Amino acid sequence: MTEKQQQAILAENLAIVEARIASACRRAARKRDEVTLVAVTKSVSAGIANLLPNLGVLHLGESRPQELWRKAAHAPMGIHWHLVGHLQRNKIEKTLPLVELIHSVDSLRLLAALEQESARQNRSTAILLQVNASRESGKHGFAPEVVPGLASYLTTLRHVHIRGLMTMAALEENPELCRPVFAELRTLRDTLQAKLGERHPLAELSMGMTNDFEVAIEEGATLIRIGTALFTGLQEAFR
Ligand SMILES: *Cc1c(COP(=O)(O)O)cnc(C)c1O
């Protein structure tokens with residue numbers, strides 16, 4: 001497939017996703033610019049990921065730190081990188097300079113290590129707490145019950161700044177079944193916000209993937225993380 005053909009497929013997939021985002025925003029009486037599309041590129045090559053900025057998609061996400069490093073090294077300027085998957089502590093040092101937002105902070109140990117390395121690098125690190133709102137065993141993330149209790153610890157951090165919460169719903173054939181999980185994340189954000197106070201605005205809710213992003217938008221998502229719907233027809237050569 002030539003690059004021109006790849007770009008045409010990508011443009012077509014993006015148009016479909018954008019139309020779906022627009023109608024979900026309309027149903028929820030929200031503005032399109034309240035929702036940021038993060039293209040999760042883990043299933044495609046760096047070459048295909050690098051076509052996204054031509055189409056106006058500047059927010060790219062990866063679930064594995066090493067794959068993010070690799071793609072970022074080959075990417076054009078102006079891309080905002082999001083880490084959406086588990087971050088091991090020995091990958092923090094190399095990841096911090098590359099990312100705009102870490103969606104997947106899932107333990108106190110990781111929070112403490114991020115604070116320490118951010119201080120060492122003299123940088124501000126924006127993060128979301130990942131919440132296991134669907135309560136699936138074996139899934140990363142804080143249990144919803146413990147999140148309000150993290151407020152006082154979070155206010156002691158000087159270099160790590162919490163911007164909101166992230167969750168992954170269970171894969172459901174009917175995305176309506178994900179709605180309670182997304183609604184719970186929003187309520188939990190409001191609870192944590194009340195405890196943290198206005199000096200720590202929790203503007204972001206990262207929720208919604210290919211299978212369920214419209215419901216997530218209706219429930220208040222500000223960041224949606226989309227892979228499959230954008231890259232249908234482009235994934236065959238990779239992995
Ligand atoms: C892969 C991935 C996505 C994108 O999933 P799709 O179903 O392909 O849209 C979103 N978030 C995370 C954390 C992922 O790992």
Side-chain angles (χ1 to χ4, degrees), residues 9-10 12-21 24 35-46 48-49 52 55 57-72 79-88 91 95 98-107 110 126-136 138-142 163-179 181-182 185 204-239:
I9 292 173
L10 199 52
E12 198 172 308
N13 291 347
L14 178 63
I16 293 166
V17 169
E18 277 294 342
R20 290 172 58 187
I21 294 172
V35 180
T36 299
L37 169 62
V38 178
V40 179
T41 51
K42 67 179 176 223
S43 65
V44 292
S45 65
I48 287 173
L52 287 159
L55 299 169
V57 179
L58 297 177
H59 291 264
L60 270 55
E62 275 292 330
S63 54
R64 290 160 175 263
Q66 280 135 310
E67 185 64 16
L68 190 151
W69 306 343
R70 204 176 65 79
K71 286 217 175 74
I79 290 184
H80 306 276
W81 284 102
H82 297 249
L83 181 70
V84 302
H86 184 60
L87 177 59
Q88 296 109 313
K91 309 263 169 20
T95 300
L98 300 174
V99 293
E100 172 160 307
L101 182 63
I102 301 172
H103 293 226
S104 43
V105 175
D106 53 10
S107 72
L110 179 58
I127 62 125
L128 308 178
L129 295 183
Q130 181 171 351
V131 180
N132 185 2
S134 58
R135 294 183 172 78
E136 290 164 274
K139 209 158 158 186
H140 289 293
F142 290 97
R163 304 285 189 230
L165 302 179
M166 177 272 223
T167 202
M168 286 172 86
L171 186 62
E172 300 284 359
E173 203 161 319
N174 176 3
E176 267 307 317
L177 298 175
C178 302
R179 192 181 293 278
V181 162
F182 296 145
L185 196 74
E204 308 297 345
L205 286 174
S206 171
M207 53 191 198
M209 309 179 11
T210 291
N211 187 55
D212 52 25
F213 70 87
E214 287 137 306
V215 175
I217 290 170
E218 290 169 20
E219 294 300 326
T222 62
L223 294 155
I224 56 172
R225 312 179 308 269
I226 311 288
T228 309
L230 283 174
F231 301 119
T232 305
L234 295 167
Q235 296 161 325
E236 62 287 332
F238 196 64
R239 291 275 150 90

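Order of listing sets the numbers, starting from 1, for every ligand and every atom in it. Everything numeric in this text was worked out from a predicted model, so none of it was measured.
- Identified under the side chain to side chain donor-acceptor pair (under 3.5 Å) test for residues 214-226, with sequence neighbours left out: Arg20-Glu214, Arg27-Glu218, Arg179-Glu218, Arg179-Glu219, Arg186-Glu219, Glu204-Thr222, Ser206-Arg225.
- What you find for Leu87 and Leu110 is that their closest heavy atoms are O-CD1, 3.7 Å.
- Using a 4.0 Å cut-off between charged nitrogen and carboxylate oxygen, Lys139 and Glu136 count as a salt-bridge pair.
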For ligand 1, output the ligand-protein N/O contacts shorter than 3.5 angstrom; if there are none, return none.
| unit_1 | atom_1 | unit_2 | atom_2 | d |
| --- | --- | --- | --- | --- |
| ligand 1 | 8 (O) | Thr228 | N | 2.8 |
| ligand 1 | 8 (O) | Thr228 | OG1 | 2.5 |
| ligand 1 | 9 (O) | Thr210 | N | 3.0 |
| ligand 1 | 9 (O) | Thr210 | OG1 | 2.5 |
| ligand 1 | 9 (O) | Gly227 | N | 2.8 |
| ligand 1 | 11 (N) | Arg225 | NE | 2.9 |
| ligand 1 | 15 (O) | Lys42 | NZ | 2.6 |

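- Here the rule is side chain to side chain contact (heavy atoms under 4.5 Å, CB included) with Phe213, and of Asn211, Val215, Ile217 only Ile217 fits it.
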Would Glu62 and Thr41 satisfy side chain to side chain donor-acceptor pair (under 3.5 Å), going step by step from the backbone distance to the final call?
CA-CA 6 Å; Glu62 275 292 330; Thr41 51; 2.5 Å; yes
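- Looking at Gln235 and Ser43, their side chains do bring a donor and an acceptor atom within 3.5 Å of each other.
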